[in-house]
Each structure stands twice: as C-alpha cells, then as structure tokens.
Undergrad: 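Sending over a structure as structure tokens; questions will come in a sec.
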Amino acid sequence: MKILPWTGDSIFPALCNTLLAWRKSAPDTRDLPWRDEPTPYHVWISEIMLQQTRAAVVRSYYLRFLEALPSVRALAAVDDDALMKLWQGLGYYSRARNLKRAAQAIVTEHGGDLPRDFDELLALPGIGRYTASAIASFAYGQPRPAVDGNFLRIAARITANSIDIAKDTSKRALEAALAPSYPTGRDAGLLNEAFMDLGATVCLPNGVPLCHACPAAQLCLAHDRGTEQDYPVKTALKARRKERRTVLLLSCGEKIAIRKRPARGLLAGLWEYPNLEGKLSQRAVRALLESEGFDVRDIVPLPSARHIFSHIEWELTGWAVTVADTNEPPLMAAEDRTDAPASLLWVRRAELADTYSIPTAFGYFTPQ
C-alpha cells in the first residue's frame, strides 16, 4: 500500500506538544473506568467494546464483563451463550466472538499474556491497527498513534486538509505523520487520550466545534479561515438496504419460543424470536402456524419497530401469538427458507433474562 504524505504535517509536532500539555493539566472528567487500570487485558476489552459504541453505554458493560471474566484465561474458556449474554445490547456480536477466539490464541500461543509486539497483536482475531496501537500505547507505553475518527477529524481541521478520511490510506498516512512526534512511556497513552478527549468534547463530529475551548485553536488553519465545518471530507456511505420482517412472539403456557440463528451471516449464532420475511397480516400468520401444526388460541398485534444495522434497515412487524398449552409444542418448519433452522426452543421468561441472549433487533418484542 502506497502511503501518501499528509498535507500540513509540519503542524503536528506543535499539536502533539500542545495536546499532551493540555491532557496533563486538565482534570480527567470523563469517568472512564478503563483508564484507572490500563492493563493490556483491560485496554483490549474496552477498546473492542468502544468500537461502534458510545463510551457512556460501554461503561456498565465493561464493568460487568470484567467481573464475570477477569482474565484472558477466563475469556478463553467461557461458554458461548454466557459470552453472548454478557454482550447482549452492545451489538456487532462478531466482536465478542473474536474476543474469545483471540483469547484462546493468546493462551495457546502467548502463555496467556497479550503480546507486546505490534505485528503479533495485529495477528490476533478482531484486532486491527487502531486497537493494536491502543494496547501498545496505553498498556506498554509504545509511541503508537491510535488513529480513529477523532484523530482524523482533528488533523483535517488543524491542517485544513480535504483528504478523504474514509480511505485506509488516509489513516495510514496520518499514523506515519504523527509517529515521529509521539513520546514513549505513560505519555504515549496520555497523548492518545488527549486526541480522543478533544474529539469527544471539543472538536465535535456533528454540529459546530467548540473552538473557544480548544487548546490548539491557535494552530488550527480551518479555525483561522472560519471553515471548521468544511472538514473533514468523507466519502458518503452507501444507502442501507431495507428489509421487512415479521416477528412472532410465540407463547405456550409459561414458555416463549426462541431459536438459534445460523452460524454464519447477520447476528450469527445468536438466539432470536421466530421471524419471517415480509410484512405478514394476522390472517397470514394464523394460516402459517396452523399449517405447521400449532393450535392458535390468540394473535395480538405488537407495536412496530425499526432496527438499523450498518448496512441493513429492518422494518419489523410483531405479533404476540398464544398457542395451546401442550406438553410438547410442535416445531415450526423452516419452509423453503435458508436463513433459519427449523427447531424451536421453549424457555421460561426468566431464562430470557438470565441465560439466553436476544439481540436488540428483536428486543423490541421481549415479553415483560
């Protein structure tokens, strides 16, 4: 990959010095528990959770996760359903699966300790350049810029650079441009925190940046020209594909029906409520269930919902269906579809809360 220079990088030494001094002088008011004890394991778990998820949301998940799985070895040995239950609500469940896969590799190949070597970190499942840089800097004091959207936005505004920050080459170029200005030891992590904090609280991604509160305002070319909101430049994302699905909250006595999704694809291997393609009417739902051997007693509409994934948007119709209370409720056939297995698992409501992980996409219909 050819790495082009980042225009305006002569400002970066002064920017790094300014932000490090700001981070050291200002009190840390963000109350982020992973900063209290930046061990390699803690940094790794927090950084994976923080991908695609706001810090305010991650905090409680992080503390609960560490209480249940306090070490790499505990993570490597955890039952898959227990892991997914811990992760329930964070979304992007492949992150959790990769955590376990990486933990198993760390135990077998590195004696249970996250490697110090950057390339060895990159070789672990689910760890890219950003996460490897975060672990290397926060936990091991290595001079690695952990370039994320905050870094790219700040750098684009500081240098008034119209580089497309969505391109991987832009990120790699910024890493290379910042690296010579990075300190070692604890300051490496503090400088990364400074970029992150500035992006989260001052140099905001949406709306007007708070330039009056920025310690680097005097260095910022975009601020000097009054063009802060022209940066950064980012390639527009493709429009999400829209799909309609009908979710069935099947109850039989005191039990609710769930089933496991296929091992591959969207929400792979997670538990879900039975659901079908399209927007089905009450009559169509009844006819389908009765054709599969269910004795349908009642069908009640549930509030519709919409769930957005990164590339798909689901429009969800829900029906609460009561079927006859028999000792062995029939199984719902998979028809000619390939997106779900046939068998249903009937579980008590308490088990939904304590044992089985239902993704947020189906959580709109969870029984109270």
Undergrad: Let me see the working for Val147 and Leu152 under side chain to side chain contact (heavy atoms under 4.5 Å, CB included), right down to the final yes or no.
TA: CA-CA 7 Å; Val147 174; Leu152 290 159; 4.0 Å; yes

Undergrad: Does Leu352 offer a backbone N or O that forms a donor-acceptor pair with the side chain of Lys85 under 3.5 Å?
TA: yes

Undergrad: First locate atom CG of Asn150, then atom CG of Leu198, and finally report the distance between them rounded to the nearest 0.5 Å.
TA: 8.5 Å

Undergrad: With no hydrogens and no angle check, just 3.5 Å: does a side-chain donor-acceptor pair link Gln88 and Tyr356?
TA: no

Undergrad: As a quick check of understanding, evaluate salt bridge (charged side-chain N to carboxylate O under 4.0 Å, His left out) for Arg259 and Glu272, giving each step before the final call.
TA: CA-CA 5 Å; Arg259 67 184 180 188; Glu272 66 175 0; 2.8 Å; yes

Undergrad: Are side-chain N/O atoms of Asp187 and Tyr182 paired as donor and acceptor at under 3.5 Å?
TA: no

Undergrad: Would you please classify the geometry between the Phe12 ring and the Trp6 ring as parallel, tilted or perpendicular, with 30° and 60° separating the classes?
TA: tilted

Undergrad: Where is the tightest heavy-atom contact between Gln142 and Ala188, given as atom of each residue plus distance?
TA: O-CB, 3.3 Å

Undergrad: Taking side chain as C-beta onward, heavy atoms only, is Ile258 less than 4.5 Å from Trp346?
TA: no

Undergrad: For the pair Asp230 and Arg157, evaluate salt bridge (charged side-chain N to carboxylate O under 4.0 Å, His left out) and give the outcome as yes or no after the intermediate values.
TA: CA-CA 8 Å; Asp230 292 343; Arg157 286 173 175 165; over 6 Å; no

Undergrad: Salt-bridge test for Lys100 and Asp80: reply yes if a basic N is under 4.0 Å from a carboxylate O, no otherwise.
TA: yes

Undergrad: With a 4.5 Å limit on heavy-atom distance, are the side chains of Arg241 and Glu313 in contact?
TA: no

Undergrad: With rounding to the nearest 0.5 angstrom, report the CD1 to CH2 distance, Ile127 to Trp44.
TA: 6.0 Å

Undergrad: For the rings on Phe309 and His307, is their centre-to-centre separation under 6.0 Å?
TA: yes

Undergrad: State the OG1-CG distance between Thr322 and Asp298, to the nearest 0.5 angstrom.
TA: 5.0 Å

Undergrad: Using 0.5 Å steps for rounding, measure from the OG1 atom of Thr53 to the CG atom of Leu90.
TA: 5.5 Å

Undergrad: If we ignore hydrogens and angles and just use 3.5 Å, is the side chain of Trp22 paired with the main-chain N or O of Ala26 as donor and acceptor?
TA: no

Undergrad: Looking at Val72, is its backbone amide N or carbonyl O close enough to the side chain of Asp113 to form a donor-acceptor pair, meaning the two atoms are under 3.5 Å apart?
TA: no

Undergrad: Give a yes-or-no answer on whether the side chains of Trp271 and Asp81 include a donor-acceptor pair shorter than 3.5 Å.
TA: yes

Undergrad: Please name the pair of heavy atoms, one in Arg101 and one in Asn98, separated by the smallest distance, quoted to 0.1 Å.
TA: NH1-OD1, 2.8 Å

Undergrad: Just by distance, with hydrogens left out, do Gln52 and Ser310 show a side-chain donor and acceptor under 3.5 Å apart?
TA: no

Undergrad: Distance from Met49 atom CE to Phe65 atom CZ, nearest 0.5 Å?
TA: 5.0 Å

Undergrad: Looking at Lys279 and Glu315, is there a salt bridge between them, counting it only when a charged N and a carboxylate O are closer than 4.0 Å?
TA: no

Undergrad: Just wondering, do Thr18 and Arg23 contact through their side chains at under 4.5 Å, heavy atoms?
TA: no

Undergrad: For the pair Arg286 and Glu290, find out whether any cationic side-chain nitrogen is under 4.0 Å from an anionic carboxylate oxygen.
TA: yes

Undergrad: Closer than 3.5 angstrom, by distance alone: can the side chain of Arg64 be matched with the main-chain N or O of Tyr61 as a donor-acceptor pair?
TA: no

Undergrad: Quick check for you: to the nearest 0.5 Å, what is the distance between Thr317 atom OG1 and Leu302 atom CG?
TA: 10.0 Å

Undergrad: Is there a side-chain hydrogen bond (donor to acceptor under 3.5 Å, both in side chains) between Asp164 and Ser170 once you walk through the steps?
TA: CA-CA 7 Å; Asp164 185 352; Ser170 301; 5.9 Å; no

Undergrad: Determine, for Asp31 against Arg59, whether the closest basic-nitrogen to carboxylate-oxygen distance falls under 4.0 angstrom.
TA: yes

Undergrad: Which heavy atom of Pro70 sits nearest to which heavy atom of Ala74, and what is that distance?
TA: CD-CB, 4.0 Å

